[in-house]
Structure formats: C-alpha cells, structure tokens
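Just so you know, these numbers come straight off a predicted model, no measurement behind them. The residues of the chain are indexed from 1 along the displayed sequence.
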Amino acid sequence: MRSVRRTTAAAALLAALALVAAGCGGSSSDSKDAGGGQDAPDASALDNASGVTKVTFWHGMKGANGAAVDKLVKAFNTANAGKIEVTAVYQGDYDDTITKYKTSVQQGNTPSVVQIYDIGSRFMIDSKQTVPVQKFADKDGYTLDSIEPNIANYYSIDEQLNSMPFNTSMPLLYINKEAFVKAGLDPAKPPTNLDEVMAAAKKLTVKQGGKTVQYGFNAAIYGWFVEQLIAQSGTTYCDNENGRKDLATKVNFADEQGVKIATWYQEMVKQGLMPNTGKKTDDAQAVFKSGTSAMHLESTGALRGYLDAAKGKFTVMTAPFPHLTASDSGGPIIGGASLWIDGPGHSDAEKRASWEFVKFASSPAQQAAWHTGTGYFPINKKALDEPSDKAWVAQYPQFTTAITQLHNTKPTNASSGCILGVMPQARKAAEDGLEKAVLGTDPTTAMKAAADSIKPQIDQYNKTVKK
C-alpha cells in the first residue's frame, strides 16, 4: 500500500456520505460515466520496473474460500517469481472489507486490489478511486468475451466493465432428498414458485407430540432473496432501470411484488411451515445442515459446505431458485464480489501488476480451481471446459443447477440488479420490513415504511455525487 493525501473532491464526498452512514470516499463529479476513474498505465511501466513489484490484495474470504484465495495467490506468485509478489490480507466479511476500504481512502493508505461485494459497486464507481478494468483491456487489446454475459452485465454500465468479476454466486433452492421421498414428493420435480413451495412445505412439515421436528422450508430474513424474487418477476428493484439509465432515486420493494414476498413469509411462519431464524444467514443454514428443514434458500457459495455437512445424514439436491408467481419468466441476479484496482497513491508498475493479477484470477484454469474449491460459479465460461472442472461437476451434479440457471437467464436490467449508492442500507431496510411482517405487521405497511426509510439516504447520496 502507498500513502497519499486524498483529493479535495474525495474529502468532500467522504464527509457528505458520512451523513448517510456510508463513510465513503471519492470524487464529486457526475457519476453516470462509468468510464471515469483513474487512467490505465502502459505495459512498459511494469516491464521497466526494477526489482519485485508488490501488490496488496484485500479480501473477505474465510474458511475453505479463504484457503482457495491463498492457493490462487500462491500460484500467481510462483508464476511471476522475481517480478510480482501479491500479499493477500483477510479483512473480515464483505461489510467489514468495504468499511475498512473506505477508511483506507480517508487515510490515503489503500490496497492495490480490493474485493468488494456486488452491492458496493455503485460506491466504487462514484468514488473515481479505481482504474476500470475496461481501460486496461482497451489499452492492451485484451478481450473480455470469455466472461459469462450475465456476470459481465452486472458489473458494467454503458457497456464498460468496471471491475473484474471474481467470486460469483447464484441463489438456489436446496432440497433434502430423503425428506421429499418420505413425504411422497418427487425431488426431481421441485417446486418452481412460492405457492408450490408452500404446498410442498405443508406435506414436508413433521410434528411429533405437538412439536415440529422437521420444517417444510426455511430461509433467513435476507434482503438478497427479496431482490432475487423481484428480478424473477421481470420488474426492477429500483427506478431508472435499476439505476443503469441514471442514478436510482427510489426502491420499488414496497410495490406489489415486495408486498407479495412479505405476505408469503408472514404466512409461512404463521402456519408453522418455516421457523423464524431471523436475519443471520448462518442461523438459517444451521437448520438445513442439521436436517430439520426439507427445503432451503441459499447461495451457490454454500453448496460445498452443505455437501460436507450432510454426509452420512441426508442427500443434498439443488433446484432453480423459485419464481414469485407461476406466470413469472425472469431470471435471478448474480451475487458475490469482484476485484477493483486502486489508483491514487500506487505506482504505474503496481497498477499494471494488479492488472496482471486480476487477469490471472479470471483465467480458465484458476476459475476452474476456484469453482471446484468453493462452489462459486466460474466467471470465465471456458473454465467449464477444463478437465478438472468437468470431473468435479460429474462427481457432484448439484453444481450443474447454477450453471443451467445462469445460462437460461436473459441479461436484462431486471436480472442485472439495482446499482445504488446506498444499496447495503437498502437491503437492510428491506430486511427490516420483512422482519416486521413476519412478526405480525401488515405487509403493505411494513414494506412501505421500509422503502420510505431509505429515501432520504438515497437523496443525500445522489445530491452529493452530482454536485
């Protein structure tokens, strides 16, 4: 990392966004231009560098995923010995990582490369703190065609790729095969919408002595699921085409679709078909892992852990994420994170070395290793042709569900997801509304109050970046 005094514009945005609990940094220029940010230096900057160019990589991966990061970094350092050395530093979860990054901008001590979750993208673009990977690719004549279209679509505005997709997830419906068979249901014909999930849950819920020993369904009170179901309906989560036509000015989860979701959650808990495990995804995951829930919603990123946890207890099967209603034909939104190359305070050689690293991380061989080691979807479509990946998918066919689901989803503004400067806060607001509905508040009232609560923060953010 390098120390540098932040610009006056960056300081102004940092101070203003602190008012909306963002603690962000960046430039005060109009943010619609995704091609902004720092310039990409020529390749000669690295070629002419003396000694080893060092790169600091901040990430939010732990456990098996963290081990996979370390393996990737080791492979890169071995391939670039004597020229580039990457040091990976775990910063905590996604929220911790972006918070620490914002602090590092304020302090003028940023990492060379940082992994930022999907919903942090609007801030990263508006900050003008990074070098868009599109600028490196254009300068080098490097093709980005091998990136999965739906994944590239999420991280692009005006057809300009801002960051390199890295760990990509998709939401799935997880199924306990034995529970389905015992209830007389065919696990090969899973429910496809929320009404069907409720109907199946009624048959799958088991009570003994007045106590529920197996719930038909469970899921966390998670804003990501609200985003997914709205996208599946073909509508947008926020206005201005999900913030891709212009800065989004409001969220739409208080509309018909959001209220339907809240009503469904409320009824599932009220009827005893699912437990209220709250907002913590770890708590909801524990219920499914223990075998006390027959169906479950989660990310593909959890698949490897679920397979390991279920060994000797039950068979984990996967199915496409359900639609909100039977008439819906849209597709889900990708999740996960991408890699951003930082600009200010870093030498041209360091920026070029960072570019070499993110290219390496996105290569077919490394994405195949990442896919098989974590369960995240490979962002490079050529990774699926790697022998190791083919063998892994053949051994664990549960992974093919996400592949098929991604390829069947038509890239649209709805399936791209909302890009909003205060998206983390919006997700939390949606969760607050959902939780109130589960606890008995009228769903329409709960979701409207939640949507209204985030409007001042959206307005303040937009006012700041458009000054």
Side-chain angles (χ1 to χ4, degrees), residues 1-7 9-10 25-27 34-59 69-91 97 100-116 124-125 127-144 147 155 160-166 337-363 365-367 379-380:
M1 293 185 289
R2 301 288 187 268
S3 178
V4 63
R5 180 177 295 177
R6 66 181 187 272
T7 65
S27 165
Q38 308 296 312
D39 290 328
D42 294 328
S44 59
L46 181 60
D47 295 336
N48 298 331
S50 59
V52 178
T53 300
K54 296 189 176 183
V55 170
T56 302
F57 169 39
W58 282 10
H59 67 90
V69 166
D70 291 339
K71 183 178 179 181
L72 183 152
V73 170
K74 183 178 180 180
F76 178 82
N77 287 341
T78 298
N80 292 273
K83 186 177 181 181
I84 305 172
E85 180 181 338
V86 174
T87 300
V89 184
Y90 173 66
Q91 297 295 329
T97 302
K100 290 179 180 178
Y101 176 74
K102 290 171 182 176
T103 299
S104 76
V105 173
Q106 290 176 301
Q107 296 175 341
N109 194 31
T110 56
S112 319
V113 179
V114 60
Q115 177 197 32
I116 297 294
M124 295 299 290
I125 294 169
S127 75
K128 300 293 191 290
Q129 176 77 19
T130 62
V131 186
V133 297
Q134 188 75 52
K135 290 191 174 182
F136 283 105
D138 290 347
K139 180 158 287 189
D140 294 0
Y142 180 82
T143 181
L144 298 167
I147 299 176
Y155 293 107
Q160 297 291 302
L161 190 66
N162 299 286
S163 56
M164 183 64 79
F166 179 51
S338 63
L339 306 181
W340 298 78
I341 298 174
D342 204 76
H346 303 278
S347 68
D348 285 351
E350 190 177 346
K351 294 173 192 174
R352 289 298 312 194
S354 298
W355 168 235
E356 292 301 318
F357 174 63
V358 300
K359 281 195 299 181
F360 181 84
S362 68
S363 67
Q366 292 306 315
Q367 279 296 303
I379 66 101
N380 192 317

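- Looking at every heavy atom in both residues, Ala88 comes nearest to Val73 through CB-CG2, 3.9 Å.
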### Task
Please step through side-chain contact (heavy atoms from CB on, under 4.5 Å) for the pair Phe166 and Leu72, ending with a clear verdict.
CA-CA 12 Å; Phe166 179 51; Leu72 183 152; 3.9 Å; yes
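- Separating the CZ atom in Phe57 from the CD atom in Gln115 is a distance of 5.5 Å, to the nearest 0.5 Å.
- Closest heavy-atom contact between Ser362 and Asn380: O-ND2, 2.9 Å.
- For Lys139, the salt bridge (Lys or Arg N to Asp or Glu O under 4.0 Å) partners are Asp42, not counting sequence neighbours.
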### Task
Give the intermediate values and the outcome of side-chain contact (heavy atoms from CB on, under 4.5 Å) for residues Ile84 and Leu46.
CA-CA 9 Å; Ile84 305 172; Leu46 181 60; 3.8 Å; yes
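- A 4.5 Å side-chain heavy-atom check between Phe76 and Gln366 finds every atom pair outside the cut-off.
- One N or O on the side chain of Gln367 and one on the backbone of Ala361 form a donor-acceptor pair closer than 3.5 Å.
- Residues passing the side chain to side chain donor-acceptor pair (under 3.5 Å) test with Thr97, sequence neighbours excluded: none.
- Interatomic distance, CE of Met124 versus NZ of Lys102, reported as 9.5 Å (0.5 Å rounding).
- Residues satisfying the side chain to side chain donor-acceptor pair (under 3.5 Å) criterion with Ser50, sequence neighbours excluded, are absent altogether.
- Residues Tyr90 and Val69 fail the side-chain proximity criterion, which asks for heavy atoms closer than 4.5 Å.
- No donor-acceptor distance shorter than 3.5 angstrom exists from the side chain of Asn162 to the backbone of Pro132, with no hydrogens or angles considered.
- Taking 4.5 Å as the limit, some side-chain heavy atom of Ile341 sits within range of a side-chain heavy atom of Phe136.
- Closest approach of Leu161 and Ile147 over heavy atoms only: CD2-CD1, 3.7 Å.
- Under the side chain to side chain donor-acceptor pair (under 3.5 Å) criterion, Asp342 pairs with Tyr101, Thr110, Gln129, His346, sequence neighbours left out.
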### Task
Check the pair Leu144 / Gln134 against side-chain contact (heavy atoms from CB on, under 4.5 Å), numbers first and verdict last.
CA-CA 9 Å; Leu144 298 167; Gln134 188 75 52; 3.9 Å; yes
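- Annotation: side chain of His59 is not in contact with side chain of Leu339 (no heavy-atom distance under 4.5 Å).
- Distance check: Gln38 CD to Lys135 NZ gives 8.0 Å after rounding to the nearest 0.5 Å.
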Exercise answer: donor-acceptor pairs, residues 352-360 side-chain atoms, under 3.5 Å, sequence neighbours excluded:
{"unit_1": "Arg352", "atom_1": "NH1", "unit_2": "Pro41", "atom_2": "O", "d": "2.8"}
{"unit_1": "Arg352", "atom_1": "NH1", "unit_2": "Asp140", "atom_2": "OD1", "d": "3.3"}
{"unit_1": "Arg352", "atom_1": "NH2", "unit_2": "Asp140", "atom_2": "OD1", "d": "3.3"}
{"unit_1": "Arg352", "atom_1": "NH2", "unit_2": "Asp140", "atom_2": "OD2", "d": "2.6"}
{"unit_1": "Ser354", "atom_1": "OG", "unit_2": "Glu350", "atom_2": "O", "d": "2.9"}
{"unit_1": "Trp355", "atom_1": "NE1", "unit_2": "Asp140", "atom_2": "OD2", "d": "3.0"}
{"unit_1": "Glu356", "atom_1": "OE2", "unit_2": "Lys359", "atom_2": "NZ", "d": "3.3"}

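- Two residues are said to be in side-chain contact when any heavy atoms from C-beta on lie closer than 4.5 Å; Ile125 and Trp340 meet this criterion.
- Shown here are the side chain to side chain contact (heavy atoms under 4.5 Å, CB included) partners of Asp47, two or more places apart in sequence or in another chain: Ala43, Lys83.
- For the salt bridge (Lys or Arg N to Asp or Glu O under 4.0 Å) test, no residue two or more places apart in sequence or in another chain qualifies with Asp138.
- Closest non-hydrogen pair, Ala349 versus Ala45, comes out as CB-O, 3.5 Å.
- Here the NZ atom belonging to Lys54 is positioned 13.0 Å from the OG atom belonging to Ser347, to the nearest 0.5 angstrom.
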